[in-house]
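Worksheet: one structure, shown below.
For reference, positions follow the sequence shown, starting with 1.
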Amino acid sequence: MDKKRSDDKKVLRVEDASAEEALRRSEARLRLILESAQGFAIFTTDAAGVINSWYAGAAQVFGWSESEILGQKCNVTFTPEDRAAGEPEKERETARREGISPDIRWHQRKDGSRVFINGAMHLLRDGQQDGFFKMGRDETAQRQAEEALRRSEERLRLILESAKGYAIFTTDADGTINSWNPGAAQIFGWTEAEILGQNIEMLFTPEDRAAGKPQEELETARAEGIAPDVRWHLRKDGSRVFINGVVHMLRDGHLNGFVKIGRDETAQRQAEEALREQQKQLQFLNETLEQRVQEKTAEVHELASDLIKATQRERQRISRVLHDDLQQRIYAIQIQLSFLRDRLPIESETAYGEVSDIAQELAEIVKITRNLSIDLSPPILPGEGLSHAIAWLASRMREQYGLPVELQANGPFVIPNEDLHVFLFNCVRELLFNVVKHAGASRAVVALAWLDDRLRIEVGDDGKGFPDTMREQEASRQDDLPHQSIGLPTMRHQLTLFGGSLIINSKPGAGTQIILMVPVREMQQAASPR
């Protein structure tokens with residue numbers, strides 16, 4: 001009997017040891033689980049909320065080590081405002097009454113930063129003393145992301161609502177409008193309630209709808225991710241608005257719609273079209289004016305040509321009168337005087353001398369009329385180059401007035417336009433006459449040169465010149481120059497009729513240079529090589 005009792009005690013001791021070992025292993029496994037729960041704050045408190053166990057996850061989430069936190073009330077993990085509001089006590093009361101109390105709020109770490117915990121406090125009962133078990137997951141990053149997303153969405157909403165002058169709206173894959181910002185309502189005239197559920201086709205003009213532009217635009221955005229939308233659109237009231245924008249494809253794994261963004265550029269486009277119309281009208285007016293100017297210029301040139309021709313014809317007529325009429329009559333008078341002188345008695349010396357004087361005067365008159373006839377219509381002009389005509393003129397100036405004239409010309413300078421040829425010759429002659437009459441010069445130079453399609457003629461002398469003030473007066477077309485005969489202003493004006501110009505360079509004691517520039521576009525075909 002005693003042996004049986006002894007064996008039973010041994011069995012009980014073995015069973016107790018096995019149970020203790022199993023409990024130890026179970027507690028160790030539980031602790032291992034609790035210690036391994038990274039990202040989860042797990043700890044226990046007594047009935048007053050004093051922390052009596054603190055696991056690695058709690059240390060990781062809150063920052064306090066186990067030795068730092070044990071013995072402190074769990075209130076330290078709450079934010080100051082929640083502690084002031086009595087939230088820790090409320091949480092324990094709820095858990096004590098209902099067995100569990102949700103704990104989804106911002107908490108405070110050891111370093112003062114905040115952490116968002118999604119968890120709960122559970123009531124612990126072991127038959128003797130109540131306590132609490134608290135477990136929560138760190139969702140700070142997720143909550144911050146949600147908060148950032150919420151702020152971003154709020155900012156986007158504010159942007160869309162504040163984007164005055166911009167139409168921003170979205171559609172589904174078929175083009176049905178499913179969002180509509182205030183800017184779109186302002187630009188197109190439809191309210192959000194009126195437009196949602198409508199197809200974007202209603203925003204296009206009838207001609208664009210007939211041409212399939214809405215579908216074409218969505219197809220382009222679907223194929224390329226973006227499609228330009230720069231065209232006239234239709235408002236609710238039937239008026240038109242010019243939109244400069246784009247259509248973007250929206251995709252979140254599969255096509256789910258489009259977003260359209262456009263700026264109202266109606267006023268700008270209308271201004272551009274008005275400007276283009278004005279430019280077109282201005283171009284037309286310019287072309288018309290240019291044509292009229294060309295016509296008037298041609299008329300002026302024709303008048304100038306006619307004037308030169310008339311002047312030259314009149315010169316030739318007077319020359320012929322002098323040569324064919326006046327000179328012949330003078331010759332006849334000379335012959336008659338000769339006959340009269342031969343019939344005079346020898347003793348009539350006085351009458352004989354008077355007749356001889358008259359004959360001498362008539363000879364001088366013949367010489368004057370002959371020179372005047374040649375000056376009025378030089379025989380060298382027709383069919384000759386300008387340099388030949390001026391060479392003849394130079395010899396005449398030396399012969400008649402004793403003025404040496406040097407001609408600098410490397411070719412004949414044939415001018416196809418006979419009127420211009422005559423005019424330029426007369427200009428050079430008039431300038432040389434001025435040198436004789438006013439300059440007090442010992443010599444003169446006439447230089448001819450080509451400058452591209454322009455003829456340059458310079459007439460210079462080594463005479464007394466004249467001051468800048470007088471040259472400025474000449475540039476202003478004042479008629480008080482000592483050099484003028486027919487007048488340099490008149491010469492300048494006549495040159496402008498041929499598209500030419502006149503330049504005066506002169507200083508007292510330094511001589512004078514008069515430069516004539518005139519376009520002669522046919523010269524290269526007609527002139528000798530330069």
Side-chain angles (χ1 to χ4, degrees), residues 18-156 252:
S18 297
E20 289 175 0
E21 179 62 23
L23 178 60
R24 186 187 62 76
R25 286 198 301 272
S26 177
E27 289 177 346
R29 196 162 49 244
L30 178 60
R31 184 169 186 84
L32 180 61
I33 291 171
L34 295 176
E35 292 287 351
S36 302
Q38 300 297 317
F40 281 84
I42 303 173
F43 60 93
T44 60
T45 74
D46 62 14
V50 176
I51 298 171
N52 50 29
S53 72
W54 188 257
Y55 296 95
Q60 177 191 19
V61 170
F62 286 104
W64 283 284
S65 65
E66 185 177 30
S67 61
E68 291 173 326
I69 200 72
L70 291 182
Q72 296 196 54
K73 293 191 76 169
C74 67
N75 297 30
V76 298
T77 66
F78 284 75
T79 63
E81 56 269 27
D82 280 350
R83 288 200 298 270
E87 294 298 331
E89 291 77 15
K90 293 177 184 178
E91 186 176 83
R92 291 194 293 275
E93 282 300 319
T94 300
R96 187 177 291 109
R97 185 177 62 253
E98 300 180 8
I100 184 172
S101 177
D103 180 46
I104 305 173
R105 71 179 79 237
W106 286 99
H107 286 258
Q108 187 164 287
R109 292 188 178 99
K110 176 185 176 182
D111 61 7
S113 61
R114 299 198 172 194
V115 57
F116 193 86
I117 300 296
N118 186 351
M121 175 174 276
H122 298 266
L123 178 65
L124 287 178
R125 290 183 183 276
D126 58 4
Q128 298 178 0
Q129 185 176 5
D130 290 344
F132 300 96
F133 166 72
K134 196 166 186 179
M135 180 173 68
R137 184 172 67 248
D138 179 1
E139 292 186 354
T140 305
Q142 178 181 344
R143 181 52 64 101
Q144 288 173 338
E146 290 175 353
E147 181 64 20
L149 178 60
R150 186 192 64 76
R151 288 195 302 269
S152 176
E153 289 176 344
E154 180 62 19
R155 273 198 308 272
L156 179 59
D252 58 0

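Here the options are D46, N75, T44, L70, the test is side-chain contact (heavy atoms from CB on, under 4.5 Å), and the partner is I51; only L70 passes. Remark: of the listed residues V115, T140, V76, V115 is the sole one forming a side-chain contact (heavy atoms from CB on, under 4.5 Å) with H107.
A donor-acceptor pair under 3.5 Å links the side-chain atoms of R83 to the main chain of F78, judged by distance alone. Under the 3.5 Å distance criterion, the side-chain polar atoms of E68 are matched with a main-chain donor or acceptor of S65. Of the possible polar contacts, none joining the W64 side chain to the W54 backbone as a donor-acceptor pair under 3.5 Å is found. Between the side chain of R105 and the main chain of T79, no donor-acceptor pair closer than 3.5 Å is present.
Contact check for V61 versus F40: no side-chain heavy atoms found under the 4.5 Å cut-off. Using a 4.5 Å heavy-atom cutoff, the side chains of F132 and E91 are not in contact. Side chains of K90 and S101 form no contact here, defined as non-hydrogen atoms less than 4.5 Å apart.
Expressed to the nearest 0.5 Å, how far CD of E93 lies from CE of M121 amounts to 11.5 Å. To the nearest 0.5 Å, the span separating NZ on K134 from CD1 on I42 amounts to 13.0 Å. Between the CG atom in N52 and the OG1 atom in T45 there is a gap of 6.5 Å [rounded to 0.5 Å]. From D130, atom CG reaches atom CZ of R92 across 13.0 Å, with rounding to the nearest 0.5 Å.
A tilted orientation is assigned to the rings of F133 and H122, their planes being inclined by 30° to 60°. The aromatic rings of F62 and F43 stand perpendicular to each other, their planes meeting at an angle above 60°, with 30° marking the opposite boundary.
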Checklist entry - Can you check salt bridge (charged side-chain N to carboxylate O under 4.0 Å, His left out) on E81 and R114, steps first, answer last? => result CA-CA 12 Å; E81 56 269 27; R114 299 198 172 194; 2.5 Å; yes
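The nearest pair of heavy atoms linking G63 to K110 is O-CD, 3.6 Å.
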